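For reference, the structure is listed below as structure tokens.
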Amino acid sequence: QVRLVESGGGLVQAGGSLRLSCSASRLTFSMYAMGWFRQAPGKEREFVAAISRSGSTTDCADSVKGRFTISRDNAKNTVYLQINNLKPEDTAVYYCAADLTSQGTLVVTTRLEYNYWGQGTQVTVSS
């Protein structure tokens with residue numbers, strides 16, 4: 001069964017940076033489009049960023065553009081989320097997800113289209 005494990009979360013001050021990682025196993029990683037979502041307490045899980053199979057196409061939510069960058073290393077079966085200039089409203093559990101159905105340069109921004117999910121990593125931003 002596909003396994004996704006997030007890491008890199010933590011407690012940081014506003015204005016700081018983090019790099020989240022998601023290590024994938026038991027899958028042919030390059031066949032999956034990948035994404036990051038987040039869920040704050042009392043809120044629905046929301047799209048953050050997505051990347052196509054090869055990494056040639058990326059997309060980010062408007063609320064994080066300019067601060068969040070998604071990337072992947074298919075040789076390491078890992079997708080990353082670089083987060084800069086953190087804000088208290090970025091506090092959430094961050095999840096990575098894998099989608100097998102999207103092909104080529106497509107990115108997936110819809111939560112329901114993803115097939116597999118990790119357990120999440122907590123990011124807490126203090127003001």
Side-chain angles (χ1 to χ4, degrees):
Q1 185 168 347
V2 171
R3 187 166 183 242
L4 303 175
V5 180
E6 301 94 337
S7 62
L11 173 64
V12 295
Q13 290 187 331
S17 299
L18 283 174
R19 188 174 82 155
L20 307 184
S21 299
C22 172
S23 178
S25 59
R26 304 171 189 169
L27 79 169
T28 304
F29 186 67
S30 60
M31 296 294 290
Y32 288 76
M34 301 296 294
W36 285 96
F37 289 73
R38 67 184 181 185
Q39 188 166 17
K43 295 187 177 181
E44 291 190 355
R45 193 170 300 188
E46 65 174 358
F47 167 73
V48 173
I51 190 165
S52 61
R53 291 178 169 187
S54 68
S56 61
T57 307
T58 62
D59 192 15
C60 287
D62 289 342
S63 59
V64 305
K65 280 182 179 176
R67 298 190 299 120
F68 288 27
T69 303
I70 187 171
S71 62
R72 67 189 294 162
D73 185 338
N74 284 351
K76 295 183 178 180
N77 285 10
T78 303
V79 61
Y80 304 98
L81 185 69
Q82 178 68 41
I83 310 175
N84 297 325
N85 190 22
L86 277 155
K87 303 177 180 181
E89 52 263 41
D90 294 322
T91 295
V93 177
Y94 283 72
Y95 299 90
C96 73
D99 168 54
L100 180 60
T101 59
S102 297
Q103 299 181 13
T105 61
L106 294 178
V107 294
V108 182
T109 63
T110 305
R111 182 183 64 186
L112 294 177
E113 294 189 45
Y114 281 91
N115 308 105
Y116 302 102
W117 293 84
Q119 294 300 306
T121 185
Q122 176 71 47
V123 172
T124 304
V125 185
S126 62
S127 57

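All values reported here derive from a predicted model rather than from experimental measurement.
At distances below 3.5 Å, at least one donor-acceptor pair connects side-chain atoms of Arg53 with backbone N or O atoms of Met31. Judged by distance alone, with hydrogens and angles left aside, the side-chain atoms of Gln13 form no donor-acceptor pair with the main-chain N or O of Ser126 at under 3.5 Å. Side-chain atoms of Gln119 never come within 3.5 Å of backbone atoms of Val5 as a donor-acceptor pair (strictly under, hydrogens ignored). Side chain of Thr91 to main chain of Val125: a donor-acceptor pair is present (N/O by atom type, distance under 3.5 Å, no hydrogens or angles).
Counting all heavy atoms, side chain and backbone alike, Asn74 lies closest to Ser54 at ND2-CA, 4.2 Å. Residue Thr78 comes nearest to Ser23 through the heavy atom pair OG1-CA, 4.2 Å, listed as atom of the first residue, atom of the second, then distance. For the residue pair Val107 and Asp59, the shortest heavy atom distance occurs at CG2-CB, 4.0 Å. Minimum heavy-atom separation, Phe47 to Val108: CE1-O, 3.9 Å. Annotation for Pro88 and Ala14: closest pair CD-CB, 4.2 Å, computed over non-hydrogen atoms. The minimum heavy-atom distance linking Thr101 with Asn115 is given by the pair N-OD1, 4.2 Å.
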Check against side-chain contact (heavy atoms from CB on, under 4.5 Å), Arg38 and Val64: CA-CA 12 Å; Arg38 67 184 181 185; Val64 305; 4.0 Å; yes

Verdict with supporting geometry, Leu20 and Val123, side-chain contact (heavy atoms from CB on, under 4.5 Å): CA-CA 9 Å; Leu20 307 184; Val123 172; 4.1 Å; yes

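The line from CG of Leu106 to OG of Ser56 is 9.5 Å long, rounded to the nearest 0.5 Å. A distance of 10.0 Å separates CD of Glu89 from OG of Ser127, quoted to the nearest 0.5 Å.
In this structure, Arg72 satisfies the cation-pi test against Phe29, with its NZ or CZ atom closer than 6.0 Å to the six-membered ring centre and inside 45 degrees of the ring normal.
By the rule that hydrophobic residues join a cluster once side-chain heavy atoms approach within less than 4.5 Å of another member, Tyr95 and Leu100 end up as members of separate clusters. No single ILVMFWY cluster, assembled from side-chain heavy atoms under 4.5 Å apart, contains both Tyr80 and Val12. Cluster membership for Ile51 and Leu4, using ILVMFWY side-chain heavy atoms within less than 4.5 angstrom, is shared. Under the 4.5 Å side-chain heavy-atom criterion for grouping Ile, Leu, Val, Met, Phe, Trp and Tyr, Tyr116 is connected to Ile70 within one hydrophobic cluster. Linking Ile, Leu, Val, Met, Phe, Trp and Tyr residues whenever their side-chain heavy atoms come within less than 4.5 Å places Leu27 and Trp36 in a single cluster.
Pairs engaging residues 10-72 under the disulfide (SG to SG under 2.5 Å) rule: Cys22-Cys96 [sequence neighbours left out].
A 4.5 Å side-chain heavy-atom check between Val2 and Tyr32 finds at least one atom pair inside the cut-off. With a 4.5 Å cut-off on side-chain heavy atoms, Ser17 and Asn84 count as touching. A 4.5 Å side-chain heavy-atom check between Arg45 and Trp117 finds at least one atom pair inside the cut-off.
Under a 4.0 Å N-O distance rule, the pair Asp90/Lys87 does not qualify as a salt bridge.
Using cut-offs of 30° and 60° on the angle between ring planes, the pair Tyr114 and Phe37 is perpendicular.
For the side chain to side chain contact (heavy atoms under 4.5 Å, CB included) with Leu18, the lone residue among Leu86, Leu11, Thr121, Leu81 that qualifies is Leu86.
Atom NZ of Lys76 has 12 or fewer heavy atoms from other residues, nucleotides or ligands within 6.0 Å.
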